[in-house]
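Shown next, in structure tokens, is the structure this report addresses.
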Amino acid sequence: MINKPPWFGGVHEKVESDFLCLSFLELMKMTGQSYWSVQKLFRTVSLSCAPRMQTAYEMKMRRTLNPSAAFLPTTLEDLDKILHGGIACGSLTEITGPSGCGKTQFCIMMSLLATMPTNMGGLDGAVIYIDTESAFTAERLVEIAQHRFPNYFATEEKLIAMTNKVLVYQELTCDSVLKRIKSLEEEIISKNVKLIIVDSVASVVRKEFDTKRQGNLKERSNLLTKEASILKYLAEEFSIPVILTNQITTWLSDGLAVQADVLSPVDDLSLSEESSRNGDWYSGYVTAALGNTWSHCVNTRLILQYLDSKTRQILVAKTPIAPLTSFLYIIENSGLVLQACHLYLL
């Protein structure tokens with residue numbers, strides 16, 4: 001039996017939760033069984049609902065024996081080395097950064113890689129791509145495929161087979177995103193889904209929730225926590241990676257927040273250091289949007305950012321397995337390409 005959390009609301013889950021809410025006396029009346037029989041039955045149902053314990057040794061051996069079940073390689077060699085193999089399966093990886101830095105390009109590239117055969121570093125499966133900004137383009141997916149793997153995608157049949165594996169859903173409201181996420185379990189099983197992408201989590205949330213209004217911040221946090229819980233369950237239960245994109249916010253020294261993701265790269269850089277308003281100088285810093293609650297929900301955070309108007313950088317900002325590391329990169333027809341590595345140990 002799959003141990004599903006209560007928010008899935010399936011028939012079996014509801015029966016089990018209703019059963020566990022009853023007292024022993026009520027269960028005896030309902031089943032006609034003795035006290036000891038009802039106690040044994042109650043224990044059996046409780047165990048079936050509880051997550052199974054696993055040892056650290058089991059976790060290590062599972063990854064050692066089947067590396068493809070542990071990571072989805074990005075094919076960016078130095079980044080994969082730092083991340084011990086690539087984007088981790090069974091966890092949430094966030095890609096955050098300002099507009100135009102390549103977050104969607106990265107997601108499209110990872111969509112392609114997940115469909116590739118395992119002997120080429122892929123997961124040989126389908127991809128669910130939830131697009132909240134109408135940013136996904138099939139033309140770019142094909143372009144990256146043809147330039148990154150020209151020999152493999154030399155025929156139209158291979159391109160058609162690959163594009164049929166990328167299942168794109170345009171969900172433009174918070175409710176539709178949540179409903180879609182809740183409905184993914186059956187599709188993961190029936191269509192052999194090996195990667196879930198939500199691009200972007202912040203887009204619809206920031207449009208619908210004005211956090212200056214009373215109660216909105218709490219409601220927004222509850223929604224984000226629920227989405228993260230479902231996605232974590234799916235990632236862990238099916239041992240697949242989940243990639244989410246996020247926007248950025250610039251916090252100024254006087255407590256104001258500016259949505260830096262709508263600014264130009266040059267404005268973004270000036271705000272991250274210091275700027276001037278009405279002749280007064282003040283400082284600030286750029287951080288991922290959606291606040292601390294969301295920050296604790298993701299397991300790994302990669303920041304894509306501008307160093308200047310032309311140079312971009314990937315920063316490995318949060319991960320349980322790697323030091324703080326940065327890479328310079330450019331975007332070409334084949335997707336993201338690394339330029340150099342700068343390692344920072346904290």
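Note that the structure is a prediction, hence the values are computed from the model and not measured.
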side-chain contact (heavy atoms from CB on, under 4.5 Å) between Cys101 and Gln305, intermediate numbers included: CA-CA 6 Å; Cys101 64; Gln305 59 188 4; over 6 Å; no
Ile196 and Ile240: CA distance, side-chain angles, deciding distance, side-chain contact (heavy atoms from CB on, under 4.5 Å) verdict: CA-CA 8 Å; Ile196 298 173; Ile240 60 176; 3.9 Å; yes
Cluster overlap [X] with [Y], hydrophobic side-chain contacts below 4.5 Å:
| X | Y | result |
| --- | --- | --- |
| Ile160 | Tyr129 | no |
| Ile330 | Leu307 | no |
| Val337 | Leu304 | no |
| Val38 | Leu25 | no |
| Val198 | Leu172 | no |

If we ignore hydrogens and angles and just use 3.5 Å, is the side chain of [X] paired with the main-chain N or O of [Y] as donor and acceptor?
| X | Y | answer |
| --- | --- | --- |
| Tyr306 | Gly100 | yes |
| Ser229 | Thr225 | yes |
| Lys226 | Leu178 | no |
| Ser239 | Glu236 | no |
| Lys232 | Cys297 | yes |
| Asp80 | Thr75 | yes |
| Lys103 | Gly97 | yes |
| Ser203 | Ser200 | no |
| Arg140 | Asn333 | yes |

Give me the atom names and distance for the closest heavy-atom approach of [X] to [Y].
| X | Y | value |
| --- | --- | --- |
| Ile181 | Leu234 | O-CD1, 4.0 Å |
| Cys174 | Phe209 | SG-CE1, 3.8 Å |
| Met109 | Gly335 | SD-CA, 4.1 Å |
| Leu72 | Pro241 | CB-CG, 4.2 Å |
| Val166 | Leu141 | CG2-CD2, 3.9 Å |
| Leu315 | Ser326 | CD1-CB, 3.9 Å |

With heavy-atom distances below 4.5 Å as the criterion, would you say the side chains of [X] and [Y] are in contact?
| X | Y | value |
| --- | --- | --- |
| Leu79 | Leu338 | yes |
| Glu187 | Leu184 | yes |
| Trp294 | Leu244 | yes |
| Leu92 | Asn299 | yes |
| Thr325 | Asp78 | no |
| Leu76 | Tyr329 | no |
| Gln339 | Thr311 | no |
| Gln33 | Leu27 | no |

Gln247 vs Arg206, side-chain contact (heavy atoms from CB on, under 4.5 Å): CA-CA, chis, key distance, verdict: CA-CA 10 Å; Gln247 298 170 349; Arg206 296 176 95 181; 2.8 Å; yes
Atom pair [atom1] ([X]) and [atom2] ([Y]), whose distance is rounded to the nearest 0.5 Å:
| X | Y | atom1 | atom2 | answer |
| --- | --- | --- | --- | --- |
| Met120 | Thr115 | CE | OG1 | 9.5 Å |
| Phe153 | Glu143 | CZ | CD | 13.5 Å |
| Ile188 | Lys194 | CD1 | NZ | 10.0 Å |
| Thr74 | Leu336 | OG1 | CG | 9.0 Å |
| Leu302 | Ile243 | CG | CD1 | 9.0 Å |
| Arg220 | Leu290 | CZ | CG | 5.5 Å |

Neighbour count >12 (heavy atoms, 6.0 Å) for atom CG, Asn119: yes
CD (Glu208) with more than 12 external heavy atoms under 6.0 Å: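 Enclosed.
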Residues which pass salt bridge (charged side-chain N to carboxylate O under 4.0 Å, His left out) with Arg312, listed by chain and number, not counting sequence neighbours: none
Identified side chain to side chain contact (heavy atoms under 4.5 Å, CB included) partner of Ile303 from the options Val316, Asn246, Ile248, Thr96: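 Testing Ile303 for a side chain to side chain contact (heavy atoms under 4.5 Å, CB included) against Val316, Asn246, Ile248, Thr96 leaves exactly one candidate, Thr96.
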Pair Thr118-Asp124, side-chain donor/acceptor within less than 3.5 Å: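 Looking only at side-chain atoms, Asp124 and Thr118 do not form any donor-acceptor pair under 3.5 Å.
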Full working for side-chain contact (heavy atoms from CB on, under 4.5 Å) between Phe149 and Leu113: CA-CA 10 Å; Phe149 304 101; Leu113 296 174; 3.7 Å; yes
Aromatic Tyr169 / basic Arg180 pairing, under 6.0 angstrom, 45° off normal: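 Yes, a cation-pi geometry.
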